[in-house]
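Have a look at the structure below before the remarks.
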Protein chains: 2
Amino acid sequence: MKKRGDYRQFAKIHRALANEARLMIVESLEKRERTVGELTKLIGLDQSTVSKHLSILLSAGIVDNRKQANNVYYRLLIPCVMDMFSCTMKVLEKRRSL
Amino acid sequence: MKKRGDYRQFAKIHRALANEARLMIVESLEKRERTVGELTKLIGLDQSTVSKHLSILLSAGIVDNRKQANNVYYRLLIPCVMDMFSCTMKVLEKRRSL
DNA sequence: TGACTATTTGGCCATAAAGCCATATACTAA
DNA sequence: TTAGTATATGGCTTTATGGCCAAATAGTCA
């Protein structure tokens, strides 16, 4: 990690994960792909809001999508994102132990 | 990862890493602790700005500090944060390959 | 004590993020 | 074609973020 642009990209990816709703989305995509409608029901925010969250995850490169009939299915592109969560969890544990 | 509060905490940690300057700070702390002054020189932003970035990392539980004479030394509390970067890098690689 | 150094805090401004509603687009099915 | 369903986009408001400057605080050393 050297160039200025890399930092920018890294920051963008972390920013994409810096929101409760998007974390819920990513976690729910761990097992299988889901439609926007399913995710909207799951998250409980306005459909347009969920759509915007998805476009943020998409442009960060964390998810991918495919269109089928009326639905757009989103899937997790980078499984190691879930591993990041285990580190995040360590931060929480450490903090609790202080 | 189940409770609403967990998502909030996770988001907070990722938000702390969602900024170029803070990423530079974290990376520079990988090898050794550093003073605010050293970090300020390294980052090239106003010293007060760097101080605020440090307090964000601190309250996220990512770094820790100790005071010695006139200086405050910051150190990386959770080394696995660096591992997260390797996943972030994978996101970038995947995206470039599309 | 007073001057000096290092760091933090408060105030302000400009920009970005997150939410909703209303509307537009894309596709399906009759 | 028309109606219906699923998703995305534009506009708006509120709140958060990131930067700087100026001032406050904490510690050192004559």
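Throughout, a chain's letter reflects where its sequence line sits, starting with A, and its residues are numbered from 1. Side chains are part of it too, since the values below use all heavy atoms of this structure and drop only hydrogens, waters and symmetry mates.
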N/O to N/O distances under 3.5 Å, protein versus nucleotides 14-18 of chain D:
residue : atom : partner : partner atom : Å
D/dT17  : OP1  : B/Arg15 : NE           : 3.1
D/dG18  : OP1  : B/Asn19 : ND2          : 3.2
D/dG18  : OP1  : B/Arg22 : NH2          : 3.3
D/dG18  : OP2  : B/Arg22 : NH1          : 3.1
D/dG18  : OP2  : B/Arg22 : NH2          : 3.4

Under the ring-ring contact (aromatic ring centres under 6.0 Å, His included) test, residues paired with B/His14 that sit two or more places apart: A/His14, A/Phe85
Rounded interatomic separation in angstrom, taking CZ from B/Arg8 and P from C/dA18: 14 Å
B/Asn19 CG to B/Ile25 CD1 distance, which is reported to the nearest 0.5 Å: 8.0 Å
Contact under 4.0 Å: B/Tyr74 side-chain N or O vs C/dA6 OP1/OP2: no
Pair listing, ring pair (Phe, Tyr, Trp, His ring centres under 6.0 Å) test, anchored in residues 17-47 of chain A, at least two apart: none
Spacing between B/Lys52 atom NZ and C/dC12 atom P, to the nearest angstrom: 12 Å
Co-membership, hydrophobic cluster, residues A/Leu58 and A/Leu54, 4.5 Å side-chain: yes
DNA chain D: 5'-proximal contact among B/Ala21 and A/Ser51 (nearest heavy atom): A/Ser51
Length of the line joining A/Ile43:CD1 and C/dA18:C1', which is rounded to integer Å: 14 Å
Contacts of type side chain to side chain contact (heavy atoms under 4.5 Å, CB included), residue A/Ser86, not counting sequence neighbours: none
Nucleotides 22-30 of chain C: protein proximity per nucleotide (B base, S sugar-phosphate only, - neither; heavy atom, under 4.0 Å): B---SBS--
Length of the CG-P vector between B/Leu54 and C/dT8, whole Å: 7 Å
B/Arg66: salt bridge (Lys or Arg N to Asp or Glu O under 4.0 Å) partners, not counting sequence neighbours: B/Glu33
Partner residues of A/Glu38 under the salt bridge (Lys or Arg N to Asp or Glu O under 4.0 Å) criterion, sequence neighbours left out: none
Where at least one partner belongs to residues 48-58 of chain A, residue pairs that pass side chain to side chain donor-acceptor pair (under 3.5 Å), sequence neighbours excluded: A/Arg22-A/His53, A/Asp46-A/Ser48
Disulfide (SG to SG under 2.5 Å) partners of residues 17-82 of chain B, not counting sequence neighbours, each pair once: A/Cys87-B/Cys80
Touch class at under 4.0 angstrom, heavy-atom based, for A/Tyr73 against every strand present: nothing
Residues 70-79 of chain A side chain polar contacts: donor-acceptor under 3.5 Å, at least two apart:
residue : atom : partner : partner atom : Å
A/Tyr74 : OH   : A/Asn65 : ND2          : 3.3
A/Arg75 : NH2  : A/Asp64 : OD2          : 3.0

By side chain to side chain contact (heavy atoms under 4.5 Å, CB included) - contacts of A/Ser28 (at least two apart): A/Arg34, A/Leu39, A/Leu42
Nucleic acid contacts - residues 30-37 of chain B versus DNA chain D, non-hydrogen atoms under 4.0 Å: none
